[in-house]
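Counting convention: from 1, in listed order, for ligands and their atoms alike. All of these numbers come straight from a predicted model, not from anything done at the bench. All residue numbers refer to positions in the sequence shown, counting from 1.
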Amino acid sequence: MPHRLNIHIFALRYYSIMGKIALITGATAGFGEATAILFAEKGYHLIITGRRLERLSSIRKQIEKKYGVRVMSLNFDVRNLSQTRKQLSSIPPQWRKIDVLVNNAGLASGISPIQEGDFEDWDRMIDTNIKGLLYVTRLIAPMMIKNKTGHIINIASIAGKEVYANGNVYCATKFAVNALTKAMRIDMLPYGIKATSICPGMAETEFSIVRYHGDKEKAKAVYKGFQPLKADDIANAVYYAVSQPAHVNISEIVILPTAQANAGTVLRAVNKKR
Ligand code: NDP
Ligand code: 8X3
């Protein structure tokens, strides 16, 4: 390859990110993966994160090939501050104009009354859904402030607006996510950075498999007899929020399956309690 062409390719690769950049946590499955794909379709370059390295790499390659955007993948556990700090500080300067941060990585672990709750499940949810979201935000928000632009999207839940039976600690973490979104709107106000909460109801992803610690039968039963939301429905809501004009901030979107009236009431074709 001629030397000049080599330099040109090097410059393109390392110095010029033209267009918008979105950082999406938890992009190896569910809402995060669907959001990454939709944003790529809309021309965003992506920084995607997750713990499952193989999936992360395969999603990165698929997106780059299909949509021709640039994708950087960062492999870390949001619960681990030193890993999170190390990975996010490795973002090269040309990737640091992050327009959108989607704080999506999260989970429910277990479902039981509080008096029977499992301490490890509680730690896992609190560490991921609250502390992980805080770590990532704390490390990315200064980049947005420096750039005087940005939009933070926090994936909360209907469980962050209403509590349902046996949801206790998961609900509490999502109430916290909604509180933090409100706090971010105040703190980010002087810098023109938007903050939005997306609050989905029941959506069939890997969420319930994780909640039931890998029991696929139990997970499937959660969505029996009604049409739950799909990951794409949430990706569309996220994109709607970020695609508004500069003077419009969508503070919150609550999005439910038509068969779900609130956190605890679902109309099913079969007789099953939530
Ligand atoms: P999935 O289980 O399908 O996806 C969860 C994603 O989060 C995965 O990519 C997973 O990646 C990542 N993740 C989980 N824990 C960590 C961690 N410690 N560090 C880094 N990444 C992590 O679930 P959903 O797509 O359904 O959930 C996404 C978000 O939406 C969550 O915050 C969830 O609470 C919320 N939500 C879900 C609803 C639903 O009904 N499905 C409804 C409302 C909100 P990896 O395992 O590779 O690390
Ligand atoms: C997940 C939605 O209602 O299944 O946040 O807990 S729900």
> Note the single closest protein heavy atom to atom 25 (O) of ligand 1, along with its residue, its atom name and the distance in Å.
F31 N, 2.8 Å
> Quick one: does any side-chain atom of N178 pair with a main-chain N or O of G160 as donor and acceptor, under 3.5 Å?
yes
> Which of the numbered atoms in ligand 2 are below 4.0 angstrom from a heavy atom of S157?
1 (C), 2 (C), 5 (O)
> Between Q87 and T49, is there a side-chain heavy-atom distance shorter than 4.5 Å?
no
> Which of the atoms of ligand 2 are close to I158, meaning less than 4.0 Å from one of its heavy atoms?
3 (O)
> Given that the side chain starts at C-beta and the backbone is N, CA, C, O, which of these parts of R55 lies under 4.0 Å from ligand 1, counting heavy atoms, or is it both or neither?
neither
> For ligand 1, find out whether one of its N or O atoms is nearer than 3.5 Å to an N or O atom of Y223.
no
> Measure the distance from atom 43 (C) of ligand 1 to every protein heavy atom, then report the residue, atom name and distance (to 0.1 Å) of the closest one.
P200 O, 3.3 Å
> Does only the side chain of A156 get under 4.0 Å from ligand 1, or the backbone, or both, or neither? Count heavy atoms.
backbone
> If hydrogens are left out, which of R51, E33, R79 has an atom nearest to atom 15 (N) of ligand 1, that is, the closest non-hydrogen atom?
R51
> Considering only non-hydrogen protein atoms, determine which one is nearest to atom 4 (O) of ligand 1 and report residue, atom name and distance to 0.1 Å.
A29 CB, 3.9 Å
> Taking the side chain as C-beta and beyond, is there a heavy-atom pair between K220 and Y223 under 4.5 Å?
no
> With respect to M202, determine whether any N or O atom, backbone or side chain, lies less than 3.5 Å from an N or O atom of ligand 1.
no
> How long is the span from the CD1 atom in I91 to the CD1 atom in I47, to the nearest 0.5 Å?
4.0 Å
> Taking heavy atoms and a distance under 4.0 Å, where does Y170 meet ligand 1: side chain, backbone, both or neither?
side chain
> What is the distance from atom CZ of R185 to atom CG of N249, rounded to the nearest 0.5 Å?
6.0 Å
> Identify, for atom 8 (C) of ligand 1, the protein heavy atom at the shortest distance, and state residue, atom and that distance.
T28 OG1, 3.5 Å
> Given A27, G160, A105, G106, which has its nearest heavy atom closest to atom 21 (N) of ligand 1?
A105
> Check the orientation of Y44 and Y239. Use parallel for under 30°, tilted for 30 to 60°, and perpendicular for over 60°.
perpendicular
> Can you find an N/O atom of E206 closer than 3.5 Å to an N/O atom of ligand 1?
yes
> List the closest protein heavy-atom neighbour of atom 18 (N) of ligand 1: residue, atom name, distance to the nearest 0.1 Å.
D77 OD1, 2.8 Å
> Quick one: look up the protein heavy atom nearest atom 6 (C) of ligand 1 and list residue, atom name and how far away it is.
G26 O, 3.7 Å
> Taking 4.0 Å as the limit for heavy-atom contacts, which would you say applies to T128 with ligand 1: side chain only, backbone only, both, or neither?
side chain
> Does the pair E120/R124 count as a salt bridge with the N-to-O cut at 4.0 Å?
no
> Suppose the criterion is side chain to side chain donor-acceptor pair (under 3.5 Å): which pairs have a residue in residues 135-150, not counting sequence neighbours?
N103-T137
> Measure the OG1-CD1 distance between T35 and I48 for me, rounded to the nearest 0.5 Å.
12.0 Å
> Which residue and non-hydrogen atom of the protein lie closest to atom 24 (P) of ligand 1, and at what distance in Å?
T205 OG1, 3.4 Å
> Can you measure from CD (E33) to CG (N104) and round to the nearest 0.5 angstrom?
11.0 Å
> For the OH atom on Y191, are there more than 12 heavy atoms of other groups (residues, nucleotides or ligands in this structure) within a distance under 6.0 Å?
no
> When only distance counts, is G32 in polar contact with ligand 1, meaning an N/O pair under 3.5 Å?
no
> Looking only at protein heavy atoms, which one is nearest to atom 28 (C) of ligand 1, and what is the separation?
N104 OD1, 3.1 Å
> How long is the straight-line distance from OG1 of T196 back to CD of E252, given to the nearest 0.5 Å?
9.5 Å
> Could you tell me whether a side-chain N or O of R55 sits under 3.5 Å from a main-chain N or O of T28, the two making a donor and an acceptor?
yes
> Could you tell me, atom by atom, which parts of ligand 2 come under 4.0 Å of a heavy atom of Y164?
3 (O), 6 (O), 7 (S)
> N/O to N/O below 3.5 Å, does that happen between A203 and ligand 1?
yes
> Taking distance alone, with N or O pairs closer than 3.5 Å, would you say N129 contacts ligand 1?
no
> Flag the pair D232 and K230 as a salt bridge only when some basic side-chain nitrogen lies within less than 4.0 angstrom of an acidic carboxylate oxygen.
no
> Please report whether ligand 2 has a polar contact with Q260, defined as an N or O pair separated by less than 3.5 Å (distance criterion only).
no
